[in-house]
Amino acid sequence: AFYCLKKLINAHLPSFVQKGNTGSAISGGKTEGFRLVQQVLKEVDPNVYSLLQKDGPEIFNQYTFSLNACSPPLDELVSLWDFLFAYGVHLNVLVTAARVLLVKKQLLSSGGGTLPQILKKEPLNAKRIITFVMMNIIPELSPELFRQIS
């Protein structure tokens, strides 16, 4: 298991954990992932972006850092990971944005700030998330943002 994790990080997510000037591990790529999720939301749904702006990009921490592994059920997570490993783990940025946009109604009615609680109650549905990424997010992205994600 450790070998697979090491290979995943080194081969597919090299900027996910970088060495800082002090030699300690910092999460440079993770922070960039937060920023990219925010940029996707800003382009695709400015209302949701504005609502979550006050919470800062760290609100996406557990989803970007874990490749959405923090959300059950496991069989849906495996299907989602199949998609990410087949088309690129960089698409986790779009998967995270899709998960946020799929709970837009609950988020807007709650006034924001409760995104982790809302997503915790919303079980993963890989097919719905992947379809939303392909049909609703990718067509709305500027070529420049899509290049940054890739």
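Note: hydrogens, waters and symmetry copies are ignored here, and every other heavy atom, side chains too, is used. Here the structure is a predicted model, which is why all the values come from computation and not from measurement.
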Could you give the distance from [atom1] ([X]) to [atom2] ([Y]), rounded to the nearest 0.5 Å?
{"X": "Leu80", "Y": "Asn125", "atom1": "CG", "atom2": "CG", "value": "10.0 Å"}
{"X": "Leu115", "Y": "Ile59", "atom1": "CG", "atom2": "CD1", "value": "4.5 Å"}
{"X": "Leu52", "Y": "Thr114", "atom1": "CG", "atom2": "OG1", "value": "9.0 Å"}
{"X": "Gln117", "Y": "Leu107", "atom1": "CD", "atom2": "CG", "value": "10.5 Å"}
{"X": "Thr64", "Y": "Glu32", "atom1": "OG1", "atom2": "CD", "value": "11.0 Å"}
{"X": "Ser150", "Y": "Leu36", "atom1": "OG", "atom2": "CG", "value": "10.0 Å"}

So among Val100, Asp55, Val93, which one has a side-chain contact (heavy atoms from CB on, under 4.5 Å) with Phe60?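 Result for side-chain contact (heavy atoms from CB on, under 4.5 Å) with Phe60: Val100.
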
From Leu101, Asn136, Ile137, residue fulfilling side-chain contact (heavy atoms from CB on, under 4.5 Å) relative to Asp45: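 The single option meeting the side-chain contact (heavy atoms from CB on, under 4.5 Å) with Asp45 is Leu101.
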
I need the minimum non-hydrogen distance between [X] and [Y], along with the two atoms involved.
{"X": "Met134", "Y": "Ile138", "result": "SD-CD1, 3.8 Å"}
{"X": "Ala69", "Y": "Leu77", "result": "CA-CD2, 3.6 Å"}
{"X": "Val95", "Y": "Phe83", "result": "CG2-CE2, 4.1 Å"}

Measure from the side-chain N and O atoms of Trp81 to the backbone N and O of Leu67, and report whether any donor-acceptor pair falls under 3.5 Å.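 Looks like yes, one N/O pair under 3.5 Å.
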
Applying the salt bridge (Lys or Arg N to Asp or Glu O under 4.0 Å) criterion to Glu122, which one of Arg128, Lys104, Arg99 satisfies it?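 Running salt bridge (Lys or Arg N to Asp or Glu O under 4.0 Å) over Arg128, Lys104, Arg99 with Glu122 returns exactly one hit, Arg128.
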
With the side chain counted from C-beta on, respond yes when [X] and [Y] share a heavy-atom pair under 4.5 Å apart, and no when they do not.
{"X": "Pro46", "Y": "Lys42", "answer": "no"}
{"X": "Leu124", "Y": "Pro73", "answer": "yes"}
{"X": "Ser110", "Y": "Ile118", "answer": "yes"}
{"X": "Leu94", "Y": "Leu141", "answer": "yes"}
{"X": "Gln62", "Y": "Pro116", "answer": "yes"}
{"X": "Glu43", "Y": "Ser142", "answer": "yes"}

Check against side chain to side chain contact (heavy atoms under 4.5 Å, CB included), Gln53 and Gln38: CA-CA 8 Å; Gln53 188 65 20; Gln38 279 190 313; 3.7 Å; yes

Please determine whether the number of non-hydrogen atoms from other residues, nucleotides or ligands lying under 6.0 Å from atom CZ of Phe85 exceeds 12.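 Enclosed: over 12 neighbouring heavy atoms sit under 6.0 Å from CZ of Phe85.
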
If we ignore angles and hydrogens, is there a donor and acceptor under 3.5 Å between the side chains of Thr96 and Asn68?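 On atom types as modelled, these side chains qualify, holding a pair under 3.5 Å.
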
Please determine whether side chain to side chain contact (heavy atoms under 4.5 Å, CB included) holds for the pair Gln148 and Arg35, giving the CA-CA distance in whole Å, both sets of side-chain angles, and the decisive distance to 0.1 Å. CA-CA 11 Å; Gln148 288 178 35; Arg35 188 190 69 74; 3.0 Å; yes

